[in-house]
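Just so you know, these numbers use all the heavy atoms, side chains as well, and skip hydrogens, waters and symmetry mates.
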Amino acid sequence: GGGGPGCSTSTPPASRAVARRMRWLGDCVAALDRALRDIGSALVVRELDVGTDEAAARVVADVVKEVGAQAVHVTTSPDPATSALDIAAARAVAAEGASFFYHDGTTLKPRRRPSQLGADASAVAGGASPATRAPTFAEFARSLDAPSESDLLPAPAAGTMPHPQRWPRSDAAGAKSLGKRWGGSGSKATKGEEGPQPWRTTNWRACVDAALGVAGDDAARRRFDVPSSSGVSPLLAMGVVSVRELWCALSVAARMRRGGEQQAAVRMLRHLTLREHCVQLLSAHPEYFTEPVRDDLPTTGLPWVDDSEWAGRFEDEAVAGARAWRVGSTGYPLVDAAVRCLRQTGWLHHKLRLLVATFWCKYLCLPWREGLRWSGWLFVDRDPALLTIGWQWAASLLDDPASPMPAAMGDPGGVVSQEGDPDGAFVQRWVPELASMDAAWIHAPWMAPDDALEAAGVVLGETYPHPVVGQAFARRRVLEAVQACIEDARMTGVMAADEPGEAVAAADVAAANVRYAHRGDVDGWPLVCEEDVAVLLESEAQVGSGDASWQPVLEDRGRELTVYMRATDGPAKIVLATARMDCKAEDVFKVISDFEIERKWDGTWESMESLSQVDRFNEVCYFTADTPPPPFSYTITQRDFVQFRYLHANERRGVYCVVQRNGAHPTAPLSDKFVRGEALGVIGFIVRRLTPTSCQVVLTTAADLKGRIPAWLVTFVAKRTPTKWVDRVAAATKAYC
């Protein structure tokens, strides 16, 4: 077959995964030959020196001529490479006087009757008529016409298959040794590198039965180091099992099994529904193989979409980020482990597939099409439709409310690692350089203290690389790019801005939150993501390293409190205060993160309220500042703020964060009673465990209070507030914990 969107037509990457994929393909072809022989037929194998569509089509026409065939029947797919081959074959077969029929055999139900292509064929007809808007997955799932057992055709009985009187030539040893010949010596794994190999058997029923038992365990299902996948996807990709037969078998399991096995069967049916959605979407819209689905943003402005400068450069070893990603040396352990596992085995957990694609697009800002083409060589279960949609999902290019917002990057050392590799076993296996690293730091060694690195024998930059790109830098770069796209969209009228000052009815808030979460902003203010923690931690690290841009303005030795300030481009100042407290880190985090408790002790605000939960990260909060004391109250209007808030806790590292960023929401319109202040950048709190009974607390805040307020007053309040805040936190911890 040709390259297609999921497989580069350039030289494939040198890895065992490619060899294994070719060996697996050969084994599947050999299995097909055995099945055909059981019913009185056989498979004709011809190998080509030149792998072009025209050469392959000529071979088909030659066999048609040799056996005197009257018709050729093929199963089509949405892959443009397959469609091009079908068209070439139809023309060649028609020249021999035979008919050429294509069948819709890759979907749950045929979307059309078998159709004929003639010598004038120009394109294989798509399935559904192109719509003005592609349906979302939820919409598609609700309208799915699923197959039943009555739709399945019985296999031909032995000896009933018609065959030619004289079999045409079959190259070499035919199909029997294709796996060995195509895979070569590189298909054998060395000790310790075997990895998950779900394609070891072509018995798909055994794969499903084994998976139902494991997948019923929610904890195991999320783990990367535990075989929890069914292993059926390689069988589907190679055509070993029909998707219709698999659906019917799982439907029976969903009805007859109980408990976790029943839930696992339902989950697998949902995965097949997703596969069907991808296949039908790309059949109706083949342009989505190379163009973004999403049209509510000028997505060509996103750095991972515009590949105009990448022509001919994908193989350029000077591109450090691409090279590091491709060999698994990015300095992000979970990313490196996933890439190395993929190169060795051709297989990845679905969450790791998303992780490596997201890292390529958003951390490295490399074109998604290039990552798609390169990774297409490696996956043993390569499905062009699923692989393409998976990369568009990672790049936030799908017009689906469930897809990640454009600025969402994920944190390789955050939630995904805590859930999928909590003990670091997956990283230890595939990144042996970190095998002795403590589990608390193995997913983020650049954050580890010196004694932890020394104990593990890790020297960053020598035994294991520094991160190829800083997390805080990558986060700011993506935010700037996405915000520029949002502004461009509004300027061109693609996306309407939210109407300021108009409150949304309570019944519409949930729907509005879904829209905001998909778009990634509310009225131009970016939502908070897990990776914003890195930006908050960066300020702390700068102060700790003696960065001259942070000037100490207050030192209170009695409270072990130091306050620093840094200038901004405007009149506002960024304030960072650090203090040691004789309180448990968990208790301090509780009193500053629990809104009900914070209301009782935090005198910084006159009122504070939680308005809405936009998504799993973003809680919308509304604050009104204290009324200024006389004589300032006569000339200074009271301020109010709307902020997005995210709570982050890493128990093992003993690091807890409250991340806040300026925001907006229709439940908090502008009011004549207040001047709406704006928080600048990422602000919030860091609580870091020092001992079981003590911690360090870091407060970072910056705000443009708007209007006319004397600069000396802003500086005075900025110095005074941290002192009062530390005293109140200490008292609240004793009172409520």
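- Contact check for Pro526 versus Met405: no side-chain heavy atoms found under the 4.5 Å cut-off.
- For the residue pair Asn513 / Ser612, a side-chain donor-acceptor distance below 3.5 Å is found, with atom types taken as modelled.
- Remark: Arg652 CZ to Asp423 CG distance equals 5.0 Å, nearest 0.5 Å.
- Contact annotation: the side chain of Glu586 approaches that of Arg689 to within less than 4.5 Å [non-hydrogen atoms, C-beta and beyond].
- In this pair, Tyr516 and His665 present their aromatic rings perpendicular. The plane angle is above 60°, beyond the 30 to 60° band.
- For the pair Glu531 (side chain) and Met409 (backbone), a donor-acceptor distance under 3.5 Å is present.
- A 4.5 Å side-chain heavy-atom check between Val427 and Leu334 finds at least one atom pair inside the cut-off.
- Checked for salt-bridge contact, Glu538 and Arg476 meet the test: a charged N lies under 4.0 Å from a carboxylate O.
- Residues Val655 and Val533 fail the side-chain proximity criterion, which asks for heavy atoms closer than 4.5 Å.
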key: Steps toward side chain to side chain contact (heavy atoms under 4.5 Å, CB included) verdict (Thr733, Trp601)   = CA-CA 10 Å; Thr733 302; Trp601 65 264; over 6 Å; no
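- Between the CG atom in Leu561 and the OG1 atom in Thr723 there is a gap of 5.0 Å [rounded to 0.5 Å].
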query = Could you walk me through whether His518 and Arg294 pass the side chain to side chain contact (heavy atoms under 4.5 Å, CB included) check?
reply = CA-CA 11 Å; His518 176 48; Arg294 190 169 187 166; 3.7 Å; yes
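- Using the six-membered ring where Trp is involved, Phe623 and Trp605 have ring planes that are tilted, between 30° and 60° apart.
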task = Begin with the C-alpha distance, continue with both residues' side-chain angles, and end with the deciding distance and a verdict on ring-ring contact (aromatic ring centres under 6.0 Å, His included) for Phe685 and Trp725.
result = CA-CA 12 Å; Phe685 313 96; Trp725 186 87; 5.0 Å; yes
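- Within the 4.5 Å cutoff, the side chain of Gln696 has heavy atoms near those of the Glu540 side chain.
- The CG atom of Leu647 sits 13.0 Å away from the OH atom of Tyr656 when rounded to the nearest 0.5 Å.
- For Lys724, there are no side chain to side chain donor-acceptor pair (under 3.5 Å) partners, not counting sequence neighbours.
- Here the CD1 atom belonging to Ile574 is positioned 4.5 Å from the CZ atom belonging to Arg566, to the nearest 0.5 angstrom.
- Under a 4.0 Å N-O distance rule, the pair Glu606/Lys673 does not qualify as a salt bridge.
- Under the rule for a ring-ring contact (aromatic ring centres under 6.0 Å, His included), Tyr564 has no partner lying at least two apart in sequence or in another chain.
- Note that CZ of Arg599 is 7.5 Å distant from OG of Ser610, once rounded to the nearest 0.5 Å.
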ask   = How far apart are the C-alpha atoms of Asn662 and Leu680, what are their side-chain angles, what is the distance that settles it, and do they pass the side chain to side chain contact (heavy atoms under 4.5 Å, CB included) test?
value = CA-CA 7 Å; Asn662 199 80; Leu680 302 177; over 6 Å; no
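- Arg661 and Tyr646 are not linked by any side-chain donor-acceptor pair at a separation below 3.5 angstrom, with hydrogens and angles left out of the test.
- Partners of Asp336 under the side chain to side chain donor-acceptor pair (under 3.5 Å) rule, at least two apart in sequence or in another chain, are Thr330, Tyr464.
- Side-chain atoms of Arg477 come within 3.5 Å of backbone atoms of Tyr363 as a donor-acceptor pair (strictly under, hydrogens ignored).
- Using a distance-only test at 3.5 Å, with no hydrogens or angles considered, no donor-acceptor pair links the side chain of Glu560 to the main chain of Met581.
- Applying the ring-ring contact (aromatic ring centres under 6.0 Å, His included) test to Tyr622 and every residue at least two apart in sequence or in another chain returns nothing.
- Side chains of Ser607 and Thr624: a donor-acceptor N/O pair is present below 3.5 angstrom, by distance only.
- Within the 4.5 Å cutoff, the side chain of Leu536 has heavy atoms near those of the Thr700 side chain.
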task = Any chance you could lay out the ring-ring contact (aromatic ring centres under 6.0 Å, His included) test for Trp391 and Trp368, step after step, and finish with the verdict?
result = CA-CA 7 Å; Trp391 273 84; Trp368 70 277; 7.8 Å; no
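- With sequence neighbours excluded, no residue forms a ring-ring contact (aromatic ring centres under 6.0 Å, His included) with Phe644.
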Listing, residues 435-452 side-chain donor-acceptor contacts under 3.5 Å, not counting sequence neighbours, or none:
unit_1	atom_1	unit_2	atom_2	d
Asp438	OD1	Ala440	N	2.8
His443	NE2	Asp421	O	2.9
His443	NE2	Asp421	OD2	3.4

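- With Thr578 contributing its side chain and Thr562 its backbone, the two residues share no donor-acceptor pair below 3.5 Å.
- Residue Gln643 forms a side-chain hydrogen bond (donor to acceptor under 3.5 Å, both in side chains) with just one option from Glu678, Glu619, Gln660, and that option is Gln660.
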task = Before giving the answer on side chain to side chain contact (heavy atoms under 4.5 Å, CB included), spell out for Arg340 and Ser329 the whole-Å C-alpha distance, their side-chain angles and the decisive distance to 0.1 Å.
result = CA-CA 9 Å; Arg340 296 182 193 185; Ser329 295; 4.1 Å; yes
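- Panel note: side chain Arg645, backbone Val658; no donor-acceptor pair is recorded below 3.5 Å.
- At distances below 3.5 Å, at least one donor-acceptor pair connects side-chain atoms of Trp304 with backbone N or O atoms of Ala395.
- Between the side chains of Asp411 and Gln471, a donor-acceptor pair is found at a separation under 3.5 Å.
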